[in-house]
Amino acid sequence: MPELPEVESVVLRLRQTAPWAKIVACGQFRSTTARGLKRALGHTVDAVDRRGKNILLRLSGGAFLRIHLKMTGGLNVIPGVNLRQSTVRAWLTLEDGRAIVLNDPRALGRISFHHAREERSLFARLGPEPFSEAFTPEHLIAAARRTAKPVKIFLMDQRAVAGLGNIYAAEALFHARIHPAAPARQLSAKKLAVLHRVIRDVLELALRSASVAYEDPGGFAEAEDFPVAVYGREGEPCPRCAARVRRIAQGGRSTYYCPKCQK
DNA sequence: AGTCACCTGATT
DNA sequence: AATCAGGTGACT
């Protein structure tokens, strides 16, 4: 999926399509894609929120739909849904004819219906929003002290901070000059304070780039001008020191880093 | 913490 | 044919 910046750009775009007409029909091609979609019928979307990488469509009556785009999902509002389009996985048709469509080539994206009271437990294990006041250097330091994970796994885990994925975790560690395999608990408070700051910097810059993404209704477009330093650049020169970027596997995923800058 | 599972498409 | 992909939850 899109990581936090791309999800946020989807949310901002959805908000621009308000006011919303009543949801009058819905559909999905497989049972696993969505749960309880029909319970949204007759309601309107009152607000669109984001929690970590989750999109929340708050409905009249207090319930909400939780949408997770996973790796390749996209959420679009279009004049009408084209069910011949192979990436369409689920849709909500509005009374004015428009449709909210989950497009996802890999079909990993999920939608679920929840009552308002379920929100707390649903996100109980999700860490603070990176731009919230709750996400302080002290919070990151305390979380790091509690884990045995390598720092890159720790950042992707969503419990210390919500919204980082494979790309921006690697990019943040590059800018903080921290080796991705370093145990999080062994990092100094000073290093973690730097990491805290670069997480915000990286996400903010990515968010600006991501505002032009997701124009492609068939899926998602890559953020256009985010200056990727190491991700996907195995063998290419580090932009800071020109050493070759290295790729290692962590938790079954690729991690990219500069072996000279990140000790 | 690593591995698999969920899915499909692009690339080697 | 095999490997990889911006995620995450359920295993071991």
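The chains referred to below are lettered A, B, ... by the order of the sequence lines, with proteins before strands, and numbering in each begins at 1. Atom set for the values below is all heavy atoms of this structure, side chains included, hydrogens, waters and symmetry mates excluded.
The nucleotide whose nearest atom lies closest to any side-chain atom of A:K53 is, among C:dG9, B:dT8, C:dT8, C:dT8. Of all nucleotides listed (B:dT8, C:dG7, C:dA5), C:dA5 comes nearest to the side chain of A:Y256.
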For residues 171-178 of chain A, tabulate all N or O donor-acceptor pairs below 3.5 Å that involve a side-chain atom, not counting sequence neighbours.
residue: A:E171; atom: OE1; partner: A:A229; partner atom: N; Å: 2.7
residue: A:E171; atom: OE2; partner: A:A229; partner atom: N; Å: 3.4
residue: A:E171; atom: OE2; partner: A:V230; partner atom: N; Å: 2.9
residue: A:E171; atom: OE2; partner: A:Y231; partner atom: N; Å: 2.8

Pair up each side-chain donor or acceptor in residues 251-260 of chain A with any protein partner under 3.5 Å, not counting sequence neighbours, and list the distances.
residue: A:S254; atom: OG; partner: A:R247; partner atom: NH1; Å: 2.7
residue: A:T255; atom: OG1; partner: A:K152; partner atom: NZ; Å: 2.9
residue: A:T255; atom: OG1; partner: A:Q250; partner atom: OE1; Å: 2.7

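From A:L75, atom CG reaches atom CG of A:L57 across 6.5 Å, with rounding to the nearest 0.5 Å.
Between A:L69 and A:D104, the closest side-chain pair of non-hydrogen atoms is not below 4.5 Å.
Rounded to whole angstrom, the span from the CD atom of A:Q250 across to the C1' atom of B:dG2 amounts to 12 Å. To the nearest angstrom, P of C:dT8 lies 15 Å from CD1 of A:I67. When the P atom of B:dT8 is taken as reference, atom CG of A:L108 falls 9 Å away, rounded to whole Å. Following rounding to the nearest Å, A:M71 (CE) and C:dG9 (P) show an atom-to-atom distance of 14 Å. As a whole-Å value, the separation of A:L102 CG from B:dC7 C1' is 13 Å. Rounding to whole angstrom units, CG of residue A:L69 and C1' of B:dT8 are separated by 16 Å. Note: CD1 (A:I167) to P (C:dT8) measures 13 Å, nearest angstrom. Computed from coordinates, the A:E234 CD to C:dC4 P distance equals 10 Å when rounded to whole Å.
Apart from A:L12 itself, the hydrophobic cluster it occupies contains nothing, where clustering links Ile, Leu, Val, Met, Phe, Trp and Tyr at side-chain heavy-atom distances under 4.5 Å. With side-chain heavy atoms closer than 4.5 Å counting as contact, directly or through intermediates, A:M156 stands alone and belongs to no larger hydrophobic cluster.
Of the P atoms belonging to B:dC7 and C:dA1, the separation is 23 Å, rounded to the nearest Å.
The side chain of A:T32 places an N or O atom within less than 4.0 Å of a non-bridging phosphate oxygen (OP1 or OP2) of B:dC7. Close to C:dT8, at under 4.0 Å from its OP1 or OP2, lies a side-chain N or O of A:H68. Here A:R253 reaches the OP1 or OP2 of C:dG7: one of its side-chain N or O atoms lies under 4.0 Å away. Residue A:S254 places at least one side-chain N or O closer than 4.0 Å to OP1 or OP2 of C:dA5. Under 4.0 angstrom from either OP1 or OP2 of C:dG7 there lies no side-chain N or O belonging to A:Y168.
Contacts between residues 153-164 of chain A and DNA chain C, defined by a heavy-atom separation below 4.0 Å, involve A:M156, A:Q158, listed by number.
Note on A:F29: nothing from the nucleic acid sits closer than 4.0 angstrom, heavy atoms only. Within 4.0 Å (heavy atoms only), A:G251 reaches at least one base atom of the nucleic acid.
The ring-ring contact (aromatic ring centres under 6.0 Å, His included) contacts involving residues 74-107 of chain A comprise A:F29-A:W91, where partners must be two or more places apart or lie in separate chains. The ring-ring contact (aromatic ring centres under 6.0 Å, His included) pairs that include a residue from residues 121-154 of chain A are A:F135-A:H196, where partners are two or more places apart or lie in different chains.
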Exercise for the section: Would you sketch DNA chain C in dot-bracket for me? Only Watson-Crick or G-U wobble pairs with both distances under 3.5 Å count, crossing pairs as [ ], other-strand pairs as |, the rest as dots. Expected result: |||||.||||||
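A distance-only check finds no donor-acceptor pair linking the side chain of A:R233 to the backbone of A:G235 [under 3.5 Å].
Partners of A:R185 by salt bridge (charged side-chain N to carboxylate O under 4.0 Å, His left out), not counting sequence neighbours: none found.
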